[in-house]
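Letters A, B, ... mirror the listed sequences (proteins, then strands); counts begin at 1.
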Protein chains: 2
Amino acid sequence: MSQSSAYRDVQELCRAGFLDPVLGAGYVLGPAFIEYDRLLRQGDTLIPIASRVMRGLLDGTTQRATAILCRRYRDTVMCVHQEHGTGPHPITTYERGVAMPLFAGASSKVVLAHLEDRALKRIYLDSEDTIRARLGHGDWKAFKAEVRAIRKAGVVETASEVAAGRVGIAAPVVVNKQVIAGISLVLGEDALGSASTAFQQAVIAAARTISDEIAQGDTWVAR
Amino acid sequence: MSQSSAYRDVQELCRAGFLDPVLGAGYVLGPAFIEYDRLLRQGDTLIPIASRVMRGLLDGTTQRATAILCRRYRDTVMCVHQEHGTGPHPITTYERGVAMPLFAGASSKVVLAHLEDRALKRIYLDSEDTIRARLGHGDWKAFKAEVRAIRKAGVVETASEVAAGRVGIAAPVVVNKQVIAGISLVLGEDALGSASTAFQQAVIAAARTISDEIAQGDTWVAR
DNA sequence: GCATAATTCCCAAAATGTGCGAATTTTGAA
DNA sequence: TTCAAAATTCGCACATTTTGGGAATTATGC
């Protein structure tokens with residue numbers, strides 16, 4: 001665009017609080033984003049409920065982990081809250097505001113697998129190539145088989161898919177037969193040891209607790 | 001506006017991620033704000049430095065408090081980070097994303113008082129009425145006198161100004177003779193006891209530590 | 001103090017958003 | 001399942017808004 005327009009637009013973004021001038025360093029994102037993110041956090045009824053359950057999950061499994069809450073936004077799954085264990089836990093790159101594709105990571109996979117078939121088919125057709133590359137499936141049938149397996153188990157465990165040496169165990173938060181979120185436990189392979197099955201059960205139970213508590217209150221389901 | 005325009009605009013905001021449709025409940029703020037807030041947190045060099053110092057401040061004073069980091073944004077002071085003590089601390093309404101006017105609360109006052117005289121005069125003239133109401137000053141001279149007192153002390157203590165029964169103790173983070181932030185300790189009157197002077201010194205020291213560490217690194221000062 | 005760069009201002013042309021009514025889809029009740 | 005009412009999208013002529021070039025002004029660095 002022209003210089004005039006650039007100056008005008010940047011000025012307007014500053015006035016609106018979406019950009020913020022920095023002395024001698026141009027501009028950074030403005031304070032409006034901080035305010036709006038707080039409004040989101042405040043309005044999100046899922047977070048306070050999940051937050052408590054997530055701390056309980058760490059108590060019941062290991063403090064050498066991070067519990068993560070993810071919401072689905074269109075064709076991505078975004079982390080909206082995390083609770084760190086009190087023990088030495090691995091550095092998580094997956095924190096509030098990070099979006100992942102639907103095909104990578106335990107949280108994504110568990111959310112994907114619990115979508116209704118209609119949505120699932122649409123996503124499959126939209127990104128057949130990506131799915132092949134990521135999941136190594138040959139066709140819709142094989143994909144559907146894995147989805148069915150995940151639904152039956154109600155839990156997904158992945159290793160080194162989001163970050164090297166890290167294991168993710170995820171279960172779906174389901175309200176009115178709709179996945180509205182995924183909850184997962186992220187830990188180093190060493191912290192997992194042979195507790196895989198026990199931890200899976202704990203994550204499933206935590207997800208169910210959240211689901212039940214949400215169902216009892218006012219239901220707000222993301223479309 | 002017309003219905004058509006309303007539909008179109010909402011659609012576009014959804015596509016851009018600034019709104020998010022909710023089944024049966026209209027719309028909520030969209031995921032873009034969460035993403036942009038994360039980018040802000042990531043790009044903010046102040047937060048990791050201050051975060052560590054703030055935890056140290058709680059260790060050195062009381063865990064029955066919350067440490068708060070505030071940045072100035074035009075004519076407001078906004079909380080950008082908080083660290084809760086491990087003890088039973090008061091519920092803080094002042095958390096990331098909350099903006100306060102320049103005249104209420106310890107953090108605001110300490111930032112206000114350390115602005116350069118030019119900016120100070122402009123603000124005084126812009127909002128003489130508010131200042132009279134909030135601070136009870138008669139005129140510029142009295143206002144200036146209080147500002148000078150705060151500058152000399154290098155610390156502000158306020159009681160029940162942001163929330164009832166809550167005390168705030170704030171000191172400025174100064175880089176290149178510019179206030180770029182304020183750090184404060186928020187606690188209940190009971191948790192303060194007679195430790196006022198000691199805590200004030202601790203907050204001043206914490207603010208100075210942050211200032212020094214920032215000054216050593218690359219300097220990014222908000223305009 | 002001066003030259004150069006950065007920024008704002010002004011205005012006609014271009015383009016984008018606007019609102020109307022019609023067409024289509026969704027919803028809720030029978 | 002049917003049907004009417006409401007909700008939503010569509011298409012289009014028109015008007016407001018945005019755009020970019022260049023002049024004017026202001027900041028910056030040497």
Side-chain angles (χ1 to χ4, degrees), chain A residues 1-33 36 43 45 71-76 114-126 174-180 214-215 217-223, chain B residues 1-33 36 43 45 71-75 114-123 125-126 174-180 214-215 217-223:
Chain A
M1 62 174 69
S2 70
Q3 286 191 39
S4 322
S5 297
Y7 277 115
R8 263 187 308 239
D9 290 352
V10 169
Q11 257 186 350
E12 194 179 345
L13 286 166
C14 286
R15 265 193 293 107
F18 292 114
L19 280 180
D20 191 49
V22 172
L23 264 188
Y27 298 82
V28 295
L29 293 172
F33 292 108
Y36 283 118
T45 51
R71 270 185 180 284
R72 181 193 165 210
Y73 284 113
R74 247 161 303 171
D75 290 352
T76 62
H114 286 81
L115 292 177
E116 33 183 25
D117 289 335
R118 203 154 11 111
L120 207 56
K121 188 126 200 176
R122 201 213 81 222
I123 289 166
Y124 181 83
L125 293 174
D126 280 359
V174 179
V175 179
N176 293 341
K177 303 193 176 176
Q178 286 241 306
V179 226
I180 62 161
I214 296 284
D218 296 332
T219 311
W220 261 30
V221 181
R223 184 180 285 171
Chain B
M1 62 175 69
S2 71
Q3 286 190 38
S4 322
S5 297
Y7 277 116
R8 264 187 308 239
D9 290 352
V10 169
Q11 257 185 349
E12 194 178 346
L13 286 166
C14 286
R15 266 193 293 107
F18 292 114
L19 280 180
D20 192 48
V22 171
L23 267 188
Y27 297 82
V28 295
L29 293 170
F33 292 108
Y36 283 118
T45 52
R71 271 185 179 282
R72 182 192 163 211
Y73 283 113
R74 246 161 303 172
D75 290 350
H114 284 81
L115 292 177
E116 32 184 25
D117 289 335
R118 202 153 14 111
L120 207 56
K121 187 125 200 176
R122 201 213 82 221
I123 289 166
L125 293 174
D126 280 0
V174 180
V175 178
N176 294 340
K177 303 193 175 176
Q178 286 240 306
V179 225
I180 62 161
I214 296 284
D218 296 332
T219 311
W220 262 30
V221 180
R223 184 180 285 169

Terminal axis angle for the helix from C/dG1-D/dC30 to C/dA30-D/dT1, five pairs an end, nearest 10 degrees: 70°
Take nucleotides 13-22 of chain D nucleotide by nucleotide from the 5' end and write B, S or -, depending on whether a protein heavy atom sits under 4.0 Å from the base, only from the sugar-phosphate, or from neither. ------BBBB
Mind checking whether A/K177 and A/E116 have side chains closer than 4.5 Å, heavy atoms only? no
Take the angle between the ring planes of B/F33 and A/Y36 and call it parallel below 30°, perpendicular above 60°, tilted in between. tilted
Euclidean distance, atom CD of residue B/Q11 to atom C1' of D/dA7 [Å, nearest integer]: 13 Å
To the closest 0.5 Å, what do you measure between CZ (B/R118) and CG (B/L120)? 11.5 Å
Closest heavy-atom contact between A/P31 and A/D20? CD-CB, 4.3 Å
Name all residues meeting the side chain to side chain donor-acceptor pair (under 3.5 Å) criterion together with B/R15; count only those two or more places apart in sequence or in a different chain, and write none if there are none. none
Which atom of A/R74 lies closest to which atom of A/R72, heavy atoms considered: O-NE, 2.9 Å
If I compare all heavy atoms of A/V179 with all of A/L115, which pair ends up nearest, and what's the gap? CG2-N, 3.7 Å
Which pair of non-hydrogen atoms, one from A/P21 and one from A/Y27, has the smallest distance, and what is that distance? CA-CD2, 3.5 Å
For A/Y7 and D/dA23, give me the distance from atom OH to atom C1', rounded to whole Å. 15 Å
